[in-house]
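What's counted below: heavy atoms across the whole structure, side chains too, no hydrogens, waters or symmetry copies. For this chain, numbers begin at 1 and follow the sequence in order. Fair warning: this is a prediction, and the values are worked out from it, not measured in the lab.
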Amino acid sequence: MNTRSEVVLIDATLTTDAEAIADNEIIAQGIELPNVVGEDGSCAIIQSVMILDEDDEAPAVDLVFSSANTALGSDEGEAVSISDANARNIQGFVSVNNYTDLVGSQVAVKSNIGLTVKTASDSKSLYVHCINRSGGNYTPAATTDMKLKIGFIRS
């Protein structure tokens, strides 16, 4: 086992449907975050997240992390409807709502999170899902308008 900790920054696009996504509906689901850990079935700490909303809407969101590519619901733009059995793969979530306006886009950062997560016994990956918690619709112009950077500490 590796005893040296290292910081890893992983980029992902929260791919979605270009349609009105209502409050409490899924913006994106099952986005793989590869190589979060160095060995299958290991732990890491989510230290920070950054969201870039290129559509300039700045929705409050919950980022839900899971150890398996389990859908939170039937599709993007649908309500969360995960089964109890599949919910057992959830490692935790991070709520993000503090955006900075960059005129044509919005950026939100959450740091010092400290959420410990564990990958499946046969994987180095985690999966991220995104739920609209803004109280209104999020309507991206393109399916790739929301970008994510996640800082992990892994040992």
Please report the closest heavy-atom contact between [X] and [Y], naming both atoms and the distance.
| X | Y | value |
| --- | --- | --- |
| Ala20 | Asn137 | CB-ND2, 3.9 Å |
| Gly73 | Ser81 | CA-OG, 3.5 Å |
| Thr16 | Pro140 | CG2-CG, 3.7 Å |
| Thr116 | Cys43 | CG2-CB, 4.4 Å |

Group every Ile, Leu, Val, Met, Phe, Trp and Tyr by side-chain heavy-atom contacts under 4.5 Å, then state whether [X] and [Y] land in the same group.
| X | Y | answer |
| --- | --- | --- |
| Leu115 | Val61 | yes |
| Ile31 | Val36 | yes |
| Val128 | Ile153 | no |
| Leu126 | Val37 | yes |
| Met146 | Phe93 | no |

Rounded distance [0.5 Å steps], [atom1] in [X] versus [atom2] in [Y]:
| X | Y | atom1 | atom2 | answer |
| --- | --- | --- | --- | --- |
| Asp17 | Thr139 | CG | OG1 | 11.5 Å |
| Thr15 | Glu76 | OG1 | CD | 8.0 Å |
| Thr143 | Glu19 | OG1 | CD | 11.0 Å |
| Ile27 | His129 | CD1 | NE2 | 13.5 Å |
| Glu78 | Leu72 | CD | CG | 12.5 Å |

Do [X] and [Y] come close enough that some side-chain heavy atom pair is under 4.5 Å?
| X | Y | result |
| --- | --- | --- |
| Tyr138 | Asp145 | yes |
| Ser134 | Glu57 | no |
| Ile26 | Val80 | yes |
| Ile51 | Tyr99 | yes |
| Val94 | Phe65 | yes |
| Val117 | Ile46 | yes |

Side-chain donor/acceptor of [X] to backbone N/O of [Y], under 3.5 Å:
| X | Y | answer |
| --- | --- | --- |
| Asn132 | Gly136 | yes |
| Ser66 | Ala68 | yes |
| Thr119 | Ser67 | no |
| Glu25 | Ala22 | yes |
| Asn86 | Thr70 | no |
| Ser123 | Ala120 | no |
| Asp62 | Val64 | no |
| Arg133 | Asn97 | no |

ask   = Picking from Leu14, Ile131, Ile150, what satisfies side chain to side chain contact (heavy atoms under 4.5 Å, CB included) with Leu63?
value = Leu14

inquiry  = Under a plain distance cut-off of 3.5 Å, with no hydrogens placed, do Tyr127 and Asn89 share a side-chain donor-acceptor pair?
reply    =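 Not at all, the side chains of Asn89 and Tyr127 share no donor-acceptor pair under 3.5 Å.
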
query = Any luck finding a side-chain donor-acceptor pair between Ser125 and Glu32 under 3.5 Å?
reply = yes

ask   = Any salt bridge (charged side-chain N to carboxylate O under 4.0 Å, His left out) pairs touching residues 112-126, not counting sequence neighbours?
value =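 As it turns out, the salt bridge (charged side-chain N to carboxylate O under 4.0 Å, His left out) pairs with a partner in residues 112-126, which skip direct neighbours, are Asp40-Lys124.
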
query = With sequence neighbours left out, what residues match Asp23 under salt bridge (Lys or Arg N to Asp or Glu O under 4.0 Å)?
reply = none

Could you give the side-chain donor-acceptor pairs of residues 105-114 under 3.5 Å, partners two or more places apart or in another chain?
from	atom 1	to	atom 2	distance (Å)
Gln106	NE2	Asp56	OD1	3.0
Gln106	NE2	Asp101	OD1	3.4
Lys110	NZ	Ser95	O	2.9
Asn112	OD1	Gln47	NE2	3.4

